[in-house]
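What follows is a set of notes on a single structure, which appears directly below.
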Amino acid sequence: MADTSNIFATVLDRVHAALRALAASGTLPALDASRVVVEPPRDVTHGDMATNAAMVLTKEAGRKPRELAELIAEKLRADELIATVDVAGPGFINLTLKPNVWADALRTAITAGADYGRNTGKGEPVNVEYVSANPTGPMHVGHGRGAVFGDALANLLEYAGRNVTREYYINDAGAQVDVLARSAYLRYREALGETITIPEGFYPGDYLKPVGEALAAEHGAALNQMPEEKWLPIVRAKAIDMMMASIRGDLAVLNVKQEVFFSERSLTENGDQVRATIEWLRQQGHVYQGRLPPPKGAPIEDWEDREQTLFRATAFGDDVDRPLMKSDGSYTYFASDIAYHKSKFDRGFHAMIDVWGADHGGYIKRIQAAVKAVTGGRGELDVKIVQLVRLLRAGEPVKMSKRAGDFVTLREVVDEVGRDAVRFMMLYRKNDAVLDFDLAKVIEQSRENPVFYVQYGHARAYSIFRNARDVLPDLPEEAAARVAYLAKAPLEFLVDAAELALMKKIAAYPRLIEAAAAAHEPHRVAFYLYELASEFHAHWTRGGKESPHLRFIIQSDPRLTVARLALVQGVVTVLASGLNLLGVGAPEEMR
RNA sequence: GCGCCCGUAGCUCAGCUGGAUAGAGCGCUGCCCUCCGAAGGCAGAGGUCAGGGGUUCGAAUCCCUUCGGGCGCGCCA
């Protein structure tokens with residue numbers, strides 16, 4: 001279903017129609033137009049849009065590209081949206097649309113408001129799993145990047161019309177949470193007055209002190225009388241609870257929302273789903289008992305050649321088969337993870353996205369292999385890797401905080417620079433690129449700081465509304481009323497090249513949303529917003545000494561002023577929408 | 001040794017899943033405030049898209065290869 005607010009999609013439909021018409025008249029055979037695209041040309045002098053139809057279809061049509069282009073162009077010339085059609089270069093068809101198309105697009109944007117560019121179609125269910133930090137301590141900055149990325153991606157997919165579920169996988173099983181329990185137990189004894197020393201391999205951070213105190217308050221000395229196998233589950237449950245509460249608090253501070261918190265432990269406790277999954281795979285012939293050759297490079301100290309339970313990952317694109325059981329008879333993390341992804345599929349998610357840290361990159365092939373096996377090829381898993389964050393202050397690496405146990409917590413960073421700065425900067429980079437995060441730069445109020453620059457554009461627009469009341473006393477202050485007022489503006493007054501360019505930029509938003517969602521790349525939204533803000537700022541300054549007649553507010557001409565305010569409203573609409581997708585505030589003034 | 005990611009202007013990075021003459025910010029040079037927010041803007045200089053092959057109408061983008069960085073490599077999660 002085409003999104004009618006996407007002007008590029010609309011024009012693509014017209015190209016398809018032209019091809020169908022040519023087929024119907026027998027001029028051309030019926031062609032597969034799936035590779036045909038309509039996109040903005042790099043060089044604006046080529047027009048508003050270009051299509052590659054002729055070049056892509058040349059072989060199938062049995063015509064030379066330019067000859068084919070002429071046939072299509074002839075049809076498009078009759079279209080009521082299109083002003084001029086040119087065939088250029090190797091066979092591009094360049095289109096210039098009629099000015100009223102852009103005015104209509106602007107009016108659509110203003111009227112749609114917060115829903116501009118949103119696809120309201122019935123969406124495919126998609127599960128986005130992100131953060132999934134081990135509940136063994138507070139979140140650090142790297143977790144924060146995954147959290148912000150996943151959250152923004154989920155927002156974006158939802159806006160693009162997918163039916164999104166946001167999920168957190170709690171790794172509350174396995175050896176690490178047992179170490180957590182033992183570390184918390186030491187803090188418990190400390191709370192009871194004992195002097196403790198924390199051995200190597202335990203979690204040393206101060207953040208476990210409150211856990212120890214809570215256990216002491218709840219159980220008194222009782223746990224001290226028990227053997228480990230008795231107190232460990234109690235302490236572990238308490239520690240996990242408190243760590244998850246802390247993590248949820250960190251997520252709330254970042255405005256990251258998730259609705260499903262899925263416990264790894266639940267996979268084995270509510271009937272053994274891990275065992276069931278492995279048995280099912282075994283019946284399919286994907287599990288066998290066998291030996292693995294030792295890895296080449298890094299020699300493993302205590303390598304022991306033994307037979308083990310293996311998943312035939314190589315049958316699904318992985319490099320080696322992967323173990324499902326540890327030597328002590330318990331499941332590997334991988335085994336649980338297979339059952340977990342099967343659970344997602346069974347819950348109706350054929351489309352899944354996992355957001356992982358860079359250190360898990362080597363794990364992608366095997367989990368994708370497992371998803372193929374366990375869903376019979378019907379499930380699709382995209383794994384997005386978020387790269388490291390390097391914390392800097394004015395170009396210098398930030399020292400680690402001892403108090404937190406050797407890392408800078410996410411909370412510390414958010415407290416220092418604010419949620420908006422953290423979120424925007426973490427999205428202003430492709431997810432798989434290393435991110436330098438400079439605590440000094442992100443609070444700077446200058447063009448060098450994109451967070452500020454975009455928000456400033458939004459605030460500046462509101463400043464215009466405030467000042468415009470001198471010329472338009474009846475301009476409503478309340479947002480919805482103002483929008484209704486401006487939606488009726490005489491947009492034919494917007495004829496300046498820069499005004500037209502801004503309208504086109506606004507009209508490009510729905511297409512941007514769809515492309516960013518399809519590619520699972522929220523950073524594109526951040527870059528687009530920066531570009532839009534930049535064009536807006538530039539146009540603003542042009543209305544200074546240089547060409548006062550281009551100002552938004554023209555004292556002598558209320559009708560022109562209304563038209564220009566409508567353009568400002570279009571900018572406001574898109575900036576607010578985009579910032580909202582990124583989870584960043586859109587302030588009406590900067591203070 | 002193998003796998004994955006990355007290599008684009010002096011620096012930090014985009015480049016819309018293969019499109020036309022590769023872009024932005026910073027830095028550098030020179031400009032613009034009796035003016036709706038100068039917290040801004042304009043102009044200029046700056047490139048062997050790491051190197052080399054290939055695929056095709058067309059490659060920064062896809063394939064092969066070399067070099068250089070990062071991550072990972074039974075029984076951690």
Side-chain angles (χ1 to χ4, degrees), chain A residues 35 37 39-43 46 50 52 55-56 58-59 64-65 88-92 94 132 134 136 171 173-177 264 291-298 300 302-306 308 310 318-320 322-323 325-330 332-334 336-337 357-365 385 387-388 428-430 432-434 436 438 444-450 452-453 456 459-460 463-468 470-471 508 511-512 515-516 518-519 521 523-524 527-528 530-531 534 537-546 548 551-555 561 564 568 589-590:
Chain A
R35 288 177 60 220
V37 297
E39 57 187 3
R42 188 173 306 174
D43 189 336
H46 291 141
N52 62 354
M55 292 176 291
V56 168
T58 178
K59 206 168 279 177
K64 288 179 183 152
F92 285 103
N94 291 332
S132 298
N134 294 337
T136 52
N171 300 134
Q176 289 192 2
V177 284
E264 178 185 355
R291 292 168 192 278
L292 237 37
K296 287 271 165 29
I300 292 164
D302 53 348
W303 175 266
E304 170 202 353
D305 186 24
R306 66 177 186 85
Q308 49 188 346
L310 296 168
D318 198 1
D319 308 312
V320 292
R322 304 292 180 175
M325 309 285 280
K326 302 179 195 172
S327 54
D328 67 1
S330 61
T332 59
Y333 178 80
F334 180 50
S336 302
D337 215 13
D359 52 342
H360 290 62
Y363 195 82
I364 296 177
K365 277 190 184 179
I385 290 296
Q387 263 294 349
L388 308 177
Y428 197 64
R429 189 112 315 174
K430 223 164 31 184
D432 54 10
V434 176
D436 285 340
D438 196 311
E444 222 172 78
Q445 303 208 333
S446 72
R447 174 156 200 167
E448 198 176 347
N449 176 5
F452 165 76
Y453 187 72
Y456 176 39
R460 184 173 244 181
S463 161
I464 297 171
F465 292 143
R466 286 191 289 272
N467 286 303
D470 293 344
V471 181
R511 174 176 182 270
L512 180 274
E521 290 183 349
H523 78 276
R524 294 193 200 184
F527 279 91
Y528 167 89
Y530 185 85
E531 290 165 15
S534 176
H537 285 307
H539 187 52
W540 164 284
T541 309
R542 244 172 255 126
K545 194 177 191 178
E546 196 183 324
R551 290 189 195 180
F552 294 103
I553 300 169
I554 302 295
Q555 301 292 334
T561 301
R564 289 183 174 170
V568 175
E589 53 186 340
M590 306 295 280

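From a predicted model like this one, the values you see are computed outputs, not experimental measurements. Residue numbers start from 1 in every chain, and the chains themselves are labelled A, B, ... in the order their sequence lines are given, proteins ahead of strands.
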Does any donor-acceptor pair link the side chain of A:R511 with the base of B:rC16 at a separation under 3.5 Å? yes
Ignoring hydrogens, what is the shortest heavy-atom contact between A:T561 and A:V471? Give both atom names and the distance. OG1-CG1, 4.1 Å
The side chain of A:R42 lies closest to which of these nucleotides: B:rC6, B:rG41, B:rA60? B:rA60
What's the closest nucleotide to the A:F552 side chain, out of B:rC36, B:rG25, B:rC71? B:rC36
Could you please name the option among B:rG41, B:rC75, B:rC57 that lies closest to any side-chain atom of A:K59? B:rC57
Counting the atoms with a prime plus P, OP1 and OP2 as sugar-phosphate, which does A:G361 contact under 4.0 Å by heavy atoms, base, sugar-phosphate, or nothing? nothing
Between A:R322 (CZ) and B:rA77 (P), how many Å, whole number? 15 Å
Does OP1 or OP2 of B:rG15 have a side-chain N or O of A:K430 closer than 4.0 Å? yes
Regarding A:Y428, tell me which of base, sugar-phosphate or nothing describes its non-hydrogen contacts under 4.0 Å with the strands shown. nothing
Partner residues of A:Y456 under the ring pair (Phe, Tyr, Trp, His ring centres under 6.0 Å) criterion, sequence neighbours left out: A:F452, A:H537
Answer with base, sugar-phosphate or nothing: what part of the nucleic acid does A:A88 contact at a heavy-atom distance below 4.0 Å? base
Contact class for A:E444 vs. all strands (heavy atom < 4.0 Å): base, sugar-phosphate, or nothing? nothing
Measure from the side chain of A:T541, starting at C-beta and using heavy atoms only, and say which of B:rG19, B:rC4, B:rG41 lies closest. B:rG41
For A:F527, which contact category applies under a 4.0 Å heavy-atom criterion: base, sugar-phosphate, or nothing? sugar-phosphate
Of A:A433 and A:S463, whose closest RNA chain B nucleotide lies nearer the 5' terminus? A:A433
Under 4.0 Å: is that the gap between some side-chain N or O of A:H523 and OP1 or OP2 of B:rG15? yes
Give A:Y363 one of three labels, base, sugar-phosphate or nothing, depending on what nucleic acid heavy atoms sit under 4.0 Å from its own. base
Remember a base hit wins even if backbone is also touched, and classify A:A516 as base, sugar-phosphate or nothing at under 4.0 Å, heavy atoms. nothing
Considering every strand and a 4.0 Å limit on heavy-atom distances, what is the contact class for A:L292: base, sugar-phosphate, or nothing? nothing
A:A459: partners by side-chain contact (heavy atoms from CB on, under 4.5 Å), with sequence neighbours left out: A:M590
Atom of A:Y363, atom of A:F334 and distance for their closest heavy-atom approach: OH-CA, 3.1 Å
If you check every side-chain atom of A:A538, which of B:rC36, B:rA20, B:rC42 has the closest atom? B:rC42
Ignoring the backbone of A:A50, work out which of B:rG40, B:rA20, B:rC36 is nearest its side chain. B:rA20
Under 4.0 angstrom, heavy atoms only, what part of the nucleic acid is A:E264 near: base, sugar-phosphate, or nothing? sugar-phosphate
If you count every heavy atom of other residues, nucleotides or ligands that lies below 6.0 Å from A:R35 atom CZ, does the total exceed 12? no
Assign each of A:M325 and A:H537 the nucleotide of RNA chain B bearing its closest heavy atom; nearer the 5' end lies the nucleotide of A:H537
Once you apply a heavy-atom cut-off of 4.0 Å, does A:D438 come out as touching a base, just sugar-phosphate, or nothing? nothing
In terms of ring plane angle, is the pair A:W540 and A:F552 parallel, tilted or perpendicular, where the classes change at 30° and 60°? tilted
Any donor-acceptor pair, under 3.5 Å, between the side chain of A:H360 and the base of B:rA77, if you only look at N and O atoms? yes
Is any side-chain heavy atom of A:R429 closer than 4.5 Å to one of A:Q387? no
Run A:I553 and A:N467 through side-chain contact (heavy atoms from CB on, under 4.5 Å) and show every step you take. CA-CA 8 Å; A:I553 300 169; A:N467 286 303; 3.7 Å; yes
Phosphate OP1/OP2 of B:rC75: any A:W303 side-chain N/O under 4.0 Å: no
Look at A:R542 and B:rG41 and indicate whether a side-chain polar atom (N or O) is within less than 4.0 Å of OP1 or OP2. no
Across the strands shown, which category fits A:P65 at heavy-atom distances under 4.0 angstrom: base, sugar-phosphate, nothing? nothing
At a cut-off of 3.5 Å, list every protein nitrogen or oxygen paired with a nitrogen or oxygen from nucleotides 8-12 of chain B, distance to 0.1 Å.
residue, atom, partner, partner atom, Å
B:rU12, O2', A:R429, NH1, 3.3

Do the side chains of A:S327 and A:E304 get nearer than 4.5 Å, heavy atoms only? no
A:F92 stacking on B:rG19: centroids under 5.5 Å, ring planes under 30°? no
Residue A:M55, side-chain heavy atoms: nucleotide from B:rU17, B:rC57, B:rG15 that is nearest: B:rC57
Candidates B:rG74, B:rG40, B:rC76 - which lies nearest the side chain of A:Q176: B:rC76
So, under a plain 3.5 Å distance rule, would you say the side chain of A:N52 forms a donor-acceptor pair with the base of B:rA20? no
